[in-house]
Amino acid sequence: MTAPVTLSAQDLTRRHGARLVAVSGVSLELRRGEVLGLLGHNGAGKSTTLQMLTGALPPDSGTVKICDFDLAGQPELAKACIGFLPEHPPLYRDMRVDDYLLFTARLHKVPSGKLAAALEQAKQRCGLQEHGRKIIGTLSKGYQQRVGIAQAIIHNPAVVVLDEPTVGLDPAQIRDIRALIRELGDNSSVILSTHLLNEVENLCDRVIILQHGRLIFSGSSAEMLANGNMEEAFLQITESGVTGK
Amino acid sequence: MIYTIAKKEFRSLFAAPSTWWMLALLQFVFAWFYFARMDDYLQVQAQLAQLDNAPGATIAIAAPLCSALALMLMMLIPLFTMRLIAEERRNQTWVLLLTAPVPAAHIVLGKFLGLLALLAIIIAGCAAMLATLLLGTQADIGLMLANLGGVLLLAAGYAALGLYLSALSRQPIIAAISALGLSFGLWLLEMSAGDGFLRAVSPNAHFQNLNMGLVNSADLIYFALFITTLLWLTVRQLNDERRHGL
(Lines give C-alpha, C1' and ligand atoms only; values in the text may rest on other atoms or scores of the structure.)
Protein backbone atom coordinates (compact mmCIF):
# COMPACT_ATOMS: atom_id res chain seq x y z
CA MET A 1 0.00 0.00 0.00
CA THR A 2 1.87 3.03 -1.24
CA ALA A 3 -1.03 5.08 -2.56
CA PRO A 4 -1.07 8.61 -1.15
CA VAL A 5 -3.19 9.37 1.90
CA THR A 6 -6.16 11.48 0.84
CA LEU A 7 -7.91 11.87 4.15
CA SER A 8 -6.70 11.56 7.68
CA ALA A 9 -8.49 12.36 10.90
CA GLN A 10 -6.90 12.51 14.33
CA ASP A 11 -8.75 12.19 17.63
CA LEU A 12 -12.07 13.61 16.51
CA THR A 13 -14.32 14.39 19.45
CA ARG A 14 -17.74 15.94 19.45
CA ARG A 15 -20.13 16.49 22.31
CA HIS A 16 -23.80 17.30 22.02
CA GLY A 17 -24.46 19.54 24.94
CA ALA A 18 -22.08 19.50 27.88
CA ARG A 19 -22.08 15.82 28.77
CA LEU A 20 -23.37 13.69 25.96
CA VAL A 21 -20.42 12.54 23.91
CA ALA A 22 -21.42 11.76 20.33
CA VAL A 23 -17.99 10.85 19.03
CA SER A 24 -14.85 10.46 21.05
CA GLY A 25 -11.26 10.09 19.91
CA VAL A 26 -11.90 8.71 16.44
CA SER A 27 -8.87 8.55 14.16
CA LEU A 28 -8.87 7.18 10.66
CA GLU A 29 -6.89 7.26 7.47
CA LEU A 30 -7.86 6.73 3.89
CA ARG A 31 -5.72 6.21 0.82
CA ARG A 32 -6.42 6.89 -2.81
CA GLY A 33 -8.37 4.07 -4.42
CA GLU A 34 -9.70 2.73 -1.13
CA VAL A 35 -13.31 2.17 -0.17
CA LEU A 36 -13.85 2.38 3.56
CA GLY A 37 -17.01 1.11 5.21
CA LEU A 38 -18.25 2.73 8.40
CA LEU A 39 -20.43 0.44 10.47
CA GLY A 40 -22.23 0.72 13.76
CA HIS A 41 -25.61 0.52 15.42
CA ASN A 42 -28.07 3.41 15.24
CA GLY A 43 -26.76 6.35 17.21
CA ALA A 44 -23.20 5.04 17.24
CA GLY A 45 -21.90 8.35 15.83
CA LYS A 46 -21.53 7.43 12.17
CA SER A 47 -23.26 10.47 10.76
CA THR A 48 -21.60 12.79 13.24
CA THR A 49 -18.21 11.43 12.22
CA LEU A 50 -18.92 11.91 8.53
CA GLN A 51 -20.17 15.44 9.18
CA MET A 52 -16.93 16.28 10.94
CA LEU A 53 -14.86 14.83 8.11
CA THR A 54 -16.58 17.09 5.59
CA GLY A 55 -16.70 20.32 7.55
CA ALA A 56 -20.46 20.24 8.07
CA LEU A 57 -19.90 20.08 11.82
CA PRO A 58 -16.84 21.45 13.56
CA PRO A 59 -15.21 18.93 15.93
CA ASP A 60 -14.73 19.96 19.57
CA SER A 61 -11.19 18.68 19.26
CA GLY A 62 -9.11 16.81 16.76
CA THR A 63 -7.98 17.59 13.24
CA VAL A 64 -8.98 16.54 9.75
CA LYS A 65 -6.64 16.70 6.78
CA ILE A 66 -7.87 16.26 3.24
CA CYS A 67 -5.33 16.00 0.42
CA ASP A 68 -2.81 17.47 2.88
CA PHE A 69 -4.93 20.55 3.53
CA ASP A 70 -6.06 21.14 7.09
CA LEU A 71 -9.84 21.42 7.17
CA ALA A 72 -9.80 24.07 9.89
CA GLY A 73 -6.80 26.00 8.58
CA GLN A 74 -7.40 25.98 4.83
CA PRO A 75 -11.09 25.14 4.58
CA GLU A 76 -11.56 26.26 0.96
CA LEU A 77 -8.74 24.11 -0.40
CA ALA A 78 -9.70 21.13 1.72
CA LYS A 79 -13.41 21.30 0.94
CA ALA A 80 -12.75 21.49 -2.79
CA CYS A 81 -11.42 17.90 -2.56
CA ILE A 82 -14.57 16.43 -0.98
CA GLY A 83 -17.94 15.40 -2.25
CA PHE A 84 -20.50 14.77 0.47
CA LEU A 85 -23.88 13.09 0.45
CA PRO A 86 -25.40 13.72 3.89
CA GLU A 87 -28.04 11.55 5.50
CA HIS A 88 -30.72 13.90 4.14
CA PRO A 89 -29.67 14.87 0.61
CA PRO A 90 -29.37 18.69 0.50
CA LEU A 91 -31.76 19.21 -2.41
CA TYR A 92 -33.55 22.41 -3.37
CA ARG A 93 -36.91 20.90 -4.13
CA ASP A 94 -38.08 23.71 -6.38
CA MET A 95 -35.10 23.52 -8.75
CA ARG A 96 -34.67 21.46 -11.88
CA VAL A 97 -32.16 18.63 -11.73
CA ASP A 98 -29.86 20.24 -14.33
CA ASP A 99 -29.94 23.67 -12.69
CA TYR A 100 -29.30 22.17 -9.29
CA LEU A 101 -26.35 20.07 -10.43
CA LEU A 102 -24.84 23.00 -12.33
CA PHE A 103 -25.21 25.14 -9.22
CA THR A 104 -23.43 22.59 -7.05
CA ALA A 105 -20.72 22.19 -9.71
CA ARG A 106 -20.14 25.95 -9.72
CA LEU A 107 -20.06 26.00 -5.92
CA HIS A 108 -17.30 23.40 -6.11
CA LYS A 109 -15.34 25.52 -8.57
CA VAL A 110 -15.71 23.42 -11.70
CA PRO A 111 -14.38 25.75 -14.44
CA SER A 112 -17.18 27.07 -16.64
CA GLY A 113 -15.75 25.42 -19.78
CA LYS A 114 -16.08 22.00 -18.20
CA LEU A 115 -19.53 22.43 -16.66
CA ALA A 116 -21.48 20.79 -19.46
CA ALA A 117 -19.18 17.77 -19.59
CA ALA A 118 -19.25 17.39 -15.78
CA LEU A 119 -23.04 17.57 -15.77
CA GLU A 120 -23.36 14.95 -18.50
CA GLN A 121 -20.93 12.62 -16.79
CA ALA A 122 -22.58 12.92 -13.37
CA LYS A 123 -26.03 12.33 -14.84
CA GLN A 124 -24.84 9.38 -16.84
CA ARG A 125 -23.12 7.83 -13.83
CA CYS A 126 -26.22 8.17 -11.69
CA GLY A 127 -28.73 7.22 -14.37
CA LEU A 128 -30.35 10.64 -14.54
CA GLN A 129 -30.04 11.32 -18.28
CA GLU A 130 -33.80 11.37 -18.74
CA HIS A 131 -34.48 13.54 -15.72
CA GLY A 132 -32.53 16.73 -16.34
CA ARG A 133 -35.58 18.93 -16.89
CA LYS A 134 -37.61 17.55 -13.98
CA ILE A 135 -38.26 19.48 -10.78
CA ILE A 136 -36.46 17.76 -7.91
CA GLY A 137 -39.49 17.87 -5.59
CA THR A 138 -41.52 15.80 -8.05
CA LEU A 139 -38.96 12.97 -8.24
CA SER A 140 -39.37 9.75 -6.27
CA LYS A 141 -37.19 9.16 -3.22
CA GLY A 142 -34.86 6.88 -5.14
CA TYR A 143 -34.24 9.46 -7.85
CA GLN A 144 -33.78 12.19 -5.27
CA GLN A 145 -31.14 10.01 -3.68
CA ARG A 146 -29.44 9.69 -7.07
CA VAL A 147 -29.46 13.47 -7.49
CA GLY A 148 -27.86 13.66 -4.06
CA ILE A 149 -25.12 11.28 -5.17
CA ALA A 150 -24.64 13.12 -8.48
CA GLN A 151 -24.19 16.33 -6.49
CA ALA A 152 -21.42 14.67 -4.46
CA ILE A 153 -19.42 13.45 -7.45
CA ILE A 154 -19.97 16.10 -10.11
CA HIS A 155 -16.68 17.88 -9.38
CA ASN A 156 -14.64 14.64 -9.40
CA PRO A 157 -13.51 14.99 -5.79
CA ALA A 158 -10.56 13.06 -4.41
CA VAL A 159 -12.64 11.94 -1.44
CA VAL A 160 -16.29 10.97 -1.68
CA VAL A 161 -18.22 10.71 1.59
CA LEU A 162 -21.57 8.95 1.38
CA ASP A 163 -23.91 8.65 4.35
CA GLU A 164 -26.13 5.63 3.71
CA PRO A 165 -26.12 6.02 -0.08
CA THR A 166 -28.47 3.13 -0.88
CA VAL A 167 -31.26 3.97 1.56
CA GLY A 168 -34.64 4.08 -0.15
CA LEU A 169 -33.50 2.58 -3.44
CA ASP A 170 -34.99 -0.45 -5.15
CA PRO A 171 -32.80 -3.54 -5.74
CA ALA A 172 -31.91 -2.61 -9.33
CA GLN A 173 -30.93 0.90 -8.26
CA ILE A 174 -28.90 -0.50 -5.37
CA ARG A 175 -27.00 -2.65 -7.85
CA ASP A 176 -26.31 0.38 -10.08
CA ILE A 177 -25.17 2.55 -7.19
CA ARG A 178 -22.86 -0.18 -5.92
CA ALA A 179 -21.33 -0.47 -9.38
CA LEU A 180 -20.87 3.30 -9.32
CA ILE A 181 -19.18 3.23 -5.91
CA ARG A 182 -16.81 0.52 -7.12
CA GLU A 183 -16.02 2.68 -10.15
CA LEU A 184 -15.41 5.72 -7.93
CA GLY A 185 -13.10 3.58 -5.81
CA ASP A 186 -10.72 3.21 -8.75
CA ASN A 187 -9.67 6.84 -8.79
CA SER A 188 -10.97 8.41 -5.60
CA SER A 189 -11.30 7.40 -2.00
CA VAL A 190 -14.76 6.60 -0.78
CA ILE A 191 -16.15 6.45 2.75
CA LEU A 192 -19.63 5.13 3.16
CA SER A 193 -21.70 4.43 6.20
CA THR A 194 -24.26 1.70 5.98
CA HIS A 195 -26.29 -0.87 7.84
CA LEU A 196 -26.17 -3.39 5.03
CA LEU A 197 -23.41 -5.86 5.74
CA ASN A 198 -23.42 -7.43 2.31
CA GLU A 199 -22.79 -3.97 0.91
CA VAL A 200 -19.64 -3.79 2.99
CA GLU A 201 -18.65 -7.27 1.97
CA ASN A 202 -19.06 -6.44 -1.71
CA LEU A 203 -17.62 -2.96 -1.80
CA CYS A 204 -15.27 -2.13 0.97
CA ASP A 205 -11.54 -2.75 1.21
CA ARG A 206 -11.50 -1.78 4.84
CA VAL A 207 -14.03 -1.56 7.63
CA ILE A 208 -14.25 0.45 10.79
CA ILE A 209 -16.89 -0.07 13.43
CA LEU A 210 -18.10 2.61 15.82
CA GLN A 211 -19.91 2.03 19.04
CA HIS A 212 -21.04 4.68 21.52
CA GLY A 213 -18.90 7.16 19.63
CA ARG A 214 -15.72 5.12 19.95
CA LEU A 215 -13.84 3.22 17.32
CA ILE A 216 -13.93 -0.42 18.36
CA PHE A 217 -12.71 -2.15 15.22
CA SER A 218 -10.57 -1.22 12.28
CA GLY A 219 -9.34 -3.73 9.74
CA SER A 220 -9.70 -5.07 6.24
CA SER A 221 -12.96 -6.67 5.26
CA ALA A 222 -11.00 -9.86 4.61
CA GLU A 223 -10.08 -9.90 8.30
CA MET A 224 -13.72 -9.60 9.25
CA LEU A 225 -14.67 -12.38 6.89
CA ALA A 226 -11.95 -14.63 8.25
CA ASN A 227 -14.06 -15.74 11.21
CA GLY A 228 -17.05 -16.82 9.14
CA ASN A 229 -19.63 -14.48 7.67
CA MET A 230 -19.83 -10.73 7.97
CA GLU A 231 -22.93 -10.61 10.10
CA GLU A 232 -21.57 -12.91 12.75
CA ALA A 233 -18.30 -11.02 12.81
CA PHE A 234 -20.12 -7.68 13.17
CA LEU A 235 -22.33 -8.91 15.99
CA GLN A 236 -19.43 -10.51 17.73
CA ILE A 237 -17.36 -7.34 17.59
CA THR A 238 -20.15 -5.00 18.67
CA GLU A 239 -21.43 -7.26 21.44
CA SER A 240 -18.02 -7.87 22.90
CA GLY A 241 -17.64 -4.09 22.69
CA VAL A 242 -20.71 -3.72 24.92
CA THR A 243 -19.51 -6.20 27.50
CA GLY A 244 -16.04 -4.72 27.41
CA LYS A 245 -17.36 -1.29 28.38
CA MET B 1 -19.01 32.67 -6.60
CA ILE B 2 -21.01 35.63 -5.27
CA TYR B 3 -22.73 35.85 -8.63
CA THR B 4 -23.51 32.12 -8.69
CA ILE B 5 -25.19 32.29 -5.30
CA ALA B 6 -26.98 35.56 -6.05
CA LYS B 7 -28.38 34.16 -9.30
CA LYS B 8 -29.56 30.97 -7.62
CA GLU B 9 -31.17 32.93 -4.78
CA PHE B 10 -32.89 35.28 -7.20
CA ARG B 11 -34.23 32.40 -9.27
CA SER B 12 -35.46 30.38 -6.33
CA LEU B 13 -37.20 33.43 -4.86
CA PHE B 14 -38.96 33.76 -8.18
CA ALA B 15 -39.76 30.07 -8.36
CA ALA B 16 -41.82 30.30 -5.17
CA PRO B 17 -45.52 30.97 -5.72
CA SER B 18 -45.56 32.98 -2.49
CA THR B 19 -43.23 35.53 -4.06
CA TRP B 20 -45.60 36.11 -6.97
CA TRP B 21 -48.52 36.38 -4.58
CA MET B 22 -46.71 38.97 -2.51
CA LEU B 23 -45.68 40.91 -5.61
CA ALA B 24 -49.24 40.92 -6.90
CA LEU B 25 -50.68 42.06 -3.57
CA LEU B 26 -48.07 44.75 -3.22
CA GLN B 27 -48.78 46.11 -6.69
CA PHE B 28 -52.49 46.04 -5.98
CA VAL B 29 -52.19 47.92 -2.70
CA PHE B 30 -49.76 50.37 -4.26
CA ALA B 31 -52.12 51.04 -7.17
CA TRP B 32 -54.97 51.55 -4.72
CA PHE B 33 -52.94 54.14 -2.79
CA TYR B 34 -51.94 55.78 -6.03
CA PHE B 35 -55.53 56.29 -7.14
CA ALA B 36 -56.63 57.46 -3.72
CA ARG B 37 -53.83 60.02 -3.63
CA MET B 38 -54.50 61.08 -7.19
CA ASP B 39 -58.17 61.56 -6.39
CA ASP B 40 -57.40 63.70 -3.34
CA TYR B 41 -55.00 65.79 -5.36
CA LEU B 42 -57.42 66.38 -8.21
CA GLN B 43 -60.10 67.55 -5.77
CA VAL B 44 -57.93 70.30 -4.33
CA GLN B 45 -56.02 71.08 -7.50
CA ALA B 46 -58.25 73.98 -8.50
CA GLN B 47 -57.57 75.75 -5.20
CA LEU B 48 -53.89 74.89 -5.30
CA ALA B 49 -53.60 76.42 -8.74
CA GLN B 50 -54.42 79.84 -7.29
CA LEU B 51 -51.51 79.73 -4.85
CA ASP B 52 -48.06 80.99 -5.64
CA ASN B 53 -45.48 78.22 -5.55
CA ALA B 54 -48.13 75.56 -4.99
CA PRO B 55 -47.06 71.98 -4.19
CA GLY B 56 -46.84 69.96 -7.40
CA ALA B 57 -48.15 66.52 -8.22
CA THR B 58 -44.86 64.84 -7.38
CA ILE B 59 -44.70 65.99 -3.78
CA ALA B 60 -48.42 65.47 -3.27
CA ILE B 61 -48.62 62.03 -4.84
CA ALA B 62 -45.23 60.39 -5.38
CA ALA B 63 -43.63 61.25 -2.03
CA PRO B 64 -46.41 59.87 0.20
CA LEU B 65 -46.65 56.81 -2.03
CA CYS B 66 -42.96 56.12 -1.55
CA SER B 67 -43.33 56.29 2.22
CA ALA B 68 -46.23 53.85 2.00
CA LEU B 69 -44.07 51.60 -0.16
CA ALA B 70 -41.27 51.79 2.40
CA LEU B 71 -43.67 50.67 5.11
CA MET B 72 -44.99 47.79 3.00
CA LEU B 73 -41.48 46.62 2.17
CA MET B 74 -40.56 46.75 5.84
CA MET B 75 -43.30 44.21 6.49
CA LEU B 76 -42.55 42.04 3.43
CA ILE B 77 -38.77 41.79 3.57
CA PRO B 78 -38.63 39.57 6.69
CA LEU B 79 -40.71 37.01 4.78
CA PHE B 80 -38.00 36.91 2.13
CA THR B 81 -35.00 37.03 4.42
CA MET B 82 -36.25 34.17 6.60
CA ARG B 83 -35.88 31.91 3.58
CA LEU B 84 -32.29 32.86 2.92
CA ILE B 85 -30.56 31.11 5.81
CA ALA B 86 -32.97 29.90 8.51
CA GLU B 87 -35.15 27.99 6.08
CA GLU B 88 -32.12 26.41 4.42
CA ARG B 89 -31.10 25.18 7.84
CA ARG B 90 -34.50 23.70 8.48
CA ASN B 91 -34.65 22.07 5.04
CA GLN B 92 -31.18 20.66 5.61
CA THR B 93 -29.85 22.20 2.41
CA TRP B 94 -27.56 24.47 4.40
CA VAL B 95 -25.01 21.66 4.63
CA LEU B 96 -24.40 22.04 0.90
CA LEU B 97 -23.14 25.59 1.39
CA LEU B 98 -21.39 24.65 4.60
CA THR B 99 -19.32 21.92 2.94
CA ALA B 100 -18.72 23.80 -0.32
CA PRO B 101 -15.36 25.54 -0.75
CA VAL B 102 -16.95 28.97 -0.46
CA PRO B 103 -16.07 31.58 2.17
CA ALA B 104 -18.92 32.77 4.38
CA ALA B 105 -18.58 36.32 3.04
CA HIS B 106 -19.40 35.14 -0.48
CA ILE B 107 -22.48 33.29 0.74
CA VAL B 108 -23.73 36.33 2.63
CA LEU B 109 -23.08 38.78 -0.22
CA GLY B 110 -24.57 36.41 -2.77
CA LYS B 111 -27.75 35.99 -0.79
CA PHE B 112 -27.99 39.69 -0.04
CA LEU B 113 -27.50 40.72 -3.67
CA GLY B 114 -29.93 38.07 -4.93
CA LEU B 115 -32.64 39.46 -2.65
CA LEU B 116 -31.68 43.03 -3.53
CA ALA B 117 -32.24 42.24 -7.22
CA LEU B 118 -35.76 41.07 -6.40
CA LEU B 119 -36.41 44.18 -4.31
CA ALA B 120 -35.11 46.36 -7.13
CA ILE B 121 -37.67 44.77 -9.45
CA ILE B 122 -40.47 45.41 -6.96
CA ILE B 123 -39.40 49.03 -6.66
CA ALA B 124 -39.04 49.33 -10.44
CA GLY B 125 -42.64 48.14 -10.82
CA CYS B 126 -43.80 50.91 -8.51
CA ALA B 127 -41.54 53.39 -10.29
CA ALA B 128 -43.19 52.47 -13.58
CA MET B 129 -46.55 53.25 -12.03
CA LEU B 130 -45.32 56.61 -10.76
CA ALA B 131 -43.93 57.32 -14.21
CA THR B 132 -47.50 57.47 -15.49
CA LEU B 133 -47.67 60.85 -13.73
CA LEU B 134 -45.47 62.11 -16.54
CA LEU B 135 -48.29 61.46 -18.97
CA GLY B 136 -50.52 64.08 -17.39
CA THR B 137 -48.20 66.60 -15.84
CA GLN B 138 -44.65 67.76 -15.49
CA ALA B 139 -43.21 65.80 -12.63
CA ASP B 140 -40.23 66.69 -10.48
CA ILE B 141 -37.84 63.98 -11.68
CA GLY B 142 -35.20 64.80 -9.08
CA LEU B 143 -37.61 64.38 -6.19
CA MET B 144 -38.91 61.16 -7.66
CA LEU B 145 -35.45 59.69 -8.06
CA ALA B 146 -34.47 60.72 -4.54
CA ASN B 147 -37.57 58.94 -3.28
CA LEU B 148 -37.01 55.76 -5.24
CA GLY B 149 -33.32 55.67 -4.33
CA GLY B 150 -34.32 56.20 -0.70
CA VAL B 151 -36.77 53.31 -0.82
CA LEU B 152 -34.09 51.07 -2.34
CA LEU B 153 -31.55 52.01 0.34
CA LEU B 154 -34.10 51.50 3.09
CA ALA B 155 -35.11 48.13 1.62
CA ALA B 156 -31.44 47.11 1.43
CA GLY B 157 -31.08 48.08 5.10
CA TYR B 158 -34.07 45.97 6.14
CA ALA B 159 -32.76 43.11 3.98
CA ALA B 160 -29.38 43.21 5.73
CA LEU B 161 -31.12 43.27 9.12
CA GLY B 162 -33.34 40.35 8.15
CA LEU B 163 -30.39 38.39 6.80
CA TYR B 164 -28.53 38.76 10.09
CA LEU B 165 -31.50 37.55 12.11
CA SER B 166 -31.93 34.70 9.65
CA ALA B 167 -28.33 33.69 10.31
CA LEU B 168 -29.01 33.64 14.05
CA SER B 169 -31.89 31.24 13.87
CA ARG B 170 -32.85 27.74 12.81
CA GLN B 171 -36.54 28.55 12.67
CA PRO B 172 -37.67 30.64 9.71
CA ILE B 173 -40.69 31.98 11.60
CA ILE B 174 -38.55 33.17 14.48
CA ALA B 175 -36.19 34.83 12.02
CA ALA B 176 -39.10 36.58 10.31
CA ILE B 177 -40.81 37.72 13.49
CA SER B 178 -37.66 39.05 15.07
CA ALA B 179 -36.76 40.92 11.88
CA LEU B 180 -40.25 42.39 11.69
CA GLY B 181 -40.16 43.31 15.37
CA LEU B 182 -36.80 45.02 15.10
CA SER B 183 -37.66 46.93 11.93
CA PHE B 184 -40.92 47.99 13.50
CA GLY B 185 -39.07 49.07 16.63
CA LEU B 186 -36.68 51.17 14.55
CA TRP B 187 -39.62 52.71 12.74
CA LEU B 188 -41.33 53.61 16.03
CA LEU B 189 -38.06 55.07 17.26
CA GLU B 190 -38.25 57.58 14.44
CA MET B 191 -41.83 58.48 15.33
CA SER B 192 -41.37 58.83 19.06
CA ALA B 193 -37.84 60.02 19.77
CA GLY B 194 -37.82 63.78 19.15
CA ASP B 195 -34.74 65.03 17.37
CA GLY B 196 -32.09 63.40 19.47
CA PHE B 197 -29.53 60.70 19.05
CA LEU B 198 -32.12 57.91 19.14
CA ARG B 199 -33.89 59.23 16.11
CA ALA B 200 -30.63 59.20 14.19
CA VAL B 201 -30.36 55.46 14.81
CA SER B 202 -33.54 54.73 12.89
CA PRO B 203 -33.13 54.10 9.16
CA ASN B 204 -36.56 55.62 8.64
CA ALA B 205 -35.36 58.98 9.92
CA HIS B 206 -32.75 59.04 7.19
CA PHE B 207 -35.27 57.94 4.62
CA GLN B 208 -37.46 60.93 5.57
CA ASN B 209 -34.86 63.33 4.22
CA LEU B 210 -34.71 61.53 0.89
CA ASN B 211 -38.50 61.42 0.95
CA MET B 212 -38.50 65.21 0.97
CA GLY B 213 -36.00 65.26 -1.86
CA LEU B 214 -33.05 66.10 0.34
CA VAL B 215 -30.07 64.02 -0.78
CA ASN B 216 -27.67 64.39 2.09
CA SER B 217 -24.30 62.66 2.22
CA ALA B 218 -24.80 62.00 5.94
CA ASP B 219 -27.87 59.89 5.16
CA LEU B 220 -26.11 57.99 2.41
CA ILE B 221 -23.20 57.25 4.74
CA TYR B 222 -25.64 56.14 7.41
CA PHE B 223 -27.22 53.60 5.06
CA ALA B 224 -23.83 52.36 3.89
CA LEU B 225 -22.75 51.87 7.51
CA PHE B 226 -26.03 50.26 8.55
CA ILE B 227 -25.88 47.74 5.70
CA THR B 228 -22.18 46.88 5.93
CA THR B 229 -22.32 46.50 9.72
CA LEU B 230 -25.18 44.03 9.53
CA LEU B 231 -23.61 42.08 6.66
CA TRP B 232 -20.35 41.95 8.60
CA LEU B 233 -22.18 40.64 11.67
CA THR B 234 -23.81 37.99 9.50
CA VAL B 235 -20.45 36.86 8.12
CA ARG B 236 -19.09 36.72 11.66
CA GLN B 237 -22.02 34.65 12.82
CA LEU B 238 -21.54 32.16 9.97
CA ASN B 239 -17.82 31.93 10.62
CA ASP B 240 -18.52 31.28 14.29
CA GLU B 241 -20.90 28.54 13.29
CA ARG B 242 -18.24 26.99 11.08
CA ARG B 243 -15.70 27.05 13.87
CA HIS B 244 -17.80 26.11 16.87
CA GLY B 245 -21.12 24.84 15.60
CA LEU B 246 -24.50 26.48 16.00
Colleague: Please classify the contact of A/Leu91 with chain B as side chain, backbone, both or neither, using a heavy-atom distance under 4.5 Å.
Modeller: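 Only the backbone of A/Leu91 comes within 4.5 Å of chain B.
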Colleague: B/Phe226: what forms a ring-ring contact (aromatic ring centres under 6.0 Å, His included) with it, not counting sequence neighbours?
Modeller: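 B/Phe226: ring-ring contact (aromatic ring centres under 6.0 Å, His included) contacts with B/Tyr222.
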Colleague: Tell me the closest heavy-atom pair linking A/Ala56 and B/Leu98, and the distance in Å.
Modeller: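 Looking at all heavy atoms of both residues, the closest pair is O-CD2, 3.2 Å.
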Colleague: To the nearest 0.5 Å, how far apart are CD1 in B/Ile5 and CZ in A/Phe103?
Modeller: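 Rounded to the nearest 0.5 Å, the CD1-CZ separation comes to 5.5 Å.
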Colleague: Take a 6.0 Å sphere around CZ of B/Phe14 and say whether it holds more than 12 heavy atoms from other residues, nucleotides or ligands.
Modeller: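 Atom CZ in B/Phe14 is crowded, with more than 12 foreign heavy atoms closer than 6.0 Å.
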Colleague: Quick test of your reading: applying ring pair (Phe, Tyr, Trp, His ring centres under 6.0 Å), list the pairs with at least one residue in residues 144-178 of chain B, sequence neighbours left out, ordered by first then second residue.
Modeller: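 Applying ring pair (Phe, Tyr, Trp, His ring centres under 6.0 Å) to every pair that reaches into residues 144-178 of chain B, excluding sequence neighbours, yields nothing.
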Colleague: Please classify the contact of A/Ala80 with chain B as side chain, backbone, both or neither, using a heavy-atom distance under 4.5 Å.
Modeller: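 When you check distances to chain B, atoms from both the backbone and side chain of A/Ala80 fall under 4.5 Å.
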Colleague: List, with distances to 0.1 Å, the donor-acceptor pairs found between chain B and chain A - the cut-off being under 3.5 Å and no angle criterion applied.
Modeller:
unit_1	atom_1	unit_2	atom_2	d
B/Arg11	NH2	A/Asp99	OD2	3.1
B/Glu88	OE1	A/Tyr92	OH	2.6
B/Glu88	OE2	A/Tyr92	OH	3.3
B/Leu98	O	A/Lys79	NZ	2.8
B/Pro101	O	A/Lys109	NZ	2.6

Colleague: Looking at every heavy atom in both A/Leu107 and B/Val102, which two are closest together, and how far apart are they?
Modeller: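 Minimum heavy-atom separation between A/Leu107 and B/Val102: O-CG2, 3.7 Å.
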Colleague: Name all pairs fulfilling the ring pair (Phe, Tyr, Trp, His ring centres under 6.0 Å) condition that reach into residues 61-92 of chain B, sequence neighbours left out, sorted by first residue then second.
Modeller: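 Ring pair (Phe, Tyr, Trp, His ring centres under 6.0 Å) check on residues 61-92 of chain B returns no pairs.
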